[in-house]
Amino acid sequence: QVQLVESGGGLVQTGGSLRLSCAASGRAFSSAVMGWFRQAPGKEREFVAAIRRSGDVSYYADSVKGRFTISRDNANNAVYLQMRSLKPEDTAVYYCAAGTLGYRPRDTKDYDYWGQGTQVTVSS
């Protein structure tokens, strides 16, 4: 059974840090790419970061580049998103996703499996 479970969300002040974790099981972690997306109220789900299976290639949205870091631990089937210098506009539900082919790592349509999401709230 394929399953992605996010954790690590919470409430933090502007400028603070959080580390999100995604535990993957089944075929999800053997996917070509793992990604993080987020969705704020009233907005579409948007790309945040992604990382290839090898772990040596990663992608970031311009809005988080230099502040967020994606990484993966293949031995433990986990993907992480370290978030620093958080801003109120980072407030959203964050989703972990797995893409089988990984042709378009920034596109939600390229992902086959999704977690339930974890809430991140940044207070001003």
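Note that this is a predicted model, so its numbers are computed, not measured. Starting from 1, each residue takes its place in the sequence as its number.
Both L18 and Y94 sit in one connected hydrophobic cluster of ILVMFWY residues. Membership requires side-chain heavy atoms under 4.5 Å apart, directly or through other members. One hydrophobic cluster, built from ILVMFWY side chains closer than 4.5 Å, holds both V48 and L86.
Atom OG in S21 sits 10.5 Å away from atom CD in E6 (nearest 0.5 Å). Separating the OH atom in Y60 from the CG atom in L81 is a distance of 7.5 Å, to the nearest 0.5 Å. Remark: M83 CE to R38 CZ distance equals 9.0 Å, nearest 0.5 Å. Atom CD of E89 and atom OG1 of T91 lie 8.5 Å apart (nearest 0.5 Å). In this structure, Y111 OH and L101 CG are separated by 11.5 Å, a value rounded to the nearest 0.5 Å. In this structure, C22 SG and M34 CE are separated by 4.5 Å, a value rounded to the nearest 0.5 Å.
Contact of the Q3 side chain with the V5 side chain is registered, since non-hydrogen atoms from C-beta on lie closer than 4.5 Å. Between S17 and Q82 the shortest side-chain heavy-atom distance falls below 4.5 Å. Proximity of F68 to W36: side-chain heavy atoms (C-beta onward) are nowhere separated by under 4.5 Å. Side-chain contact between L20 and V120 is present, with heavy atoms from C-beta onward closer than 4.5 Å. Inter-residue side-chain proximity for I51 and V33 is flagged as unmet; no heavy-atom pair is nearer than 4.5 Å. Taking the side chain as every heavy atom from C-beta outward, D107 and F47 never approach each other to under 4.5 Å. Side-chain contact between Q39 and Y95 is present, with heavy atoms from C-beta onward closer than 4.5 Å. Put simply, the side chain of T69 reaches to within 4.5 Å of the side chain of R84, judged on heavy atoms.
Remark: side-chain polar atoms of D73 are not paired, donor with acceptor, to backbone N or O of A78 under 3.5 angstrom. In terms of modelled atom types and a separation under 3.5 Å, the side chain of D112 and the main chain of T100 share a donor-acceptor contact. One N or O on the side chain of R52 and one on the backbone of G102 form a donor-acceptor pair closer than 3.5 Å. Side-chain N or O atoms of T14 include one that pairs as donor or acceptor with a backbone N or O of S123 at under 3.5 Å. Under the 3.5 Å distance criterion, the side-chain polar atoms of T118 are matched with a main-chain donor or acceptor of G9.
Considering every non-hydrogen atom in both R53 and N74, the closest pair reads O-ND2, 3.4 Å. In plain terms, the two heavy atoms of A40 and A92 that are nearest each other are N-CB, 3.8 Å. In terms of heavy atoms, S54 sits closest to V57 at OG-N, 4.5 Å. When all heavy atoms of I70 and S58 are compared, the pair lying nearest together is CG2-CB, 3.8 Å.
Remark: R106 is not positioned above the aromatic ring of Y59, lacking an NZ or CZ atom under 6.0 angstrom from the ring centre and at most 45 degrees off the axis.
Note on K87 versus D90: no salt bridge recorded, every NZ/NE/NH1/NH2 to OD/OE distance being 4.0 Å or above.
Within a 6.0 Å radius of CD in Q116, no more than 12 heavy atoms belonging to other residues, nucleotides or ligands are found.
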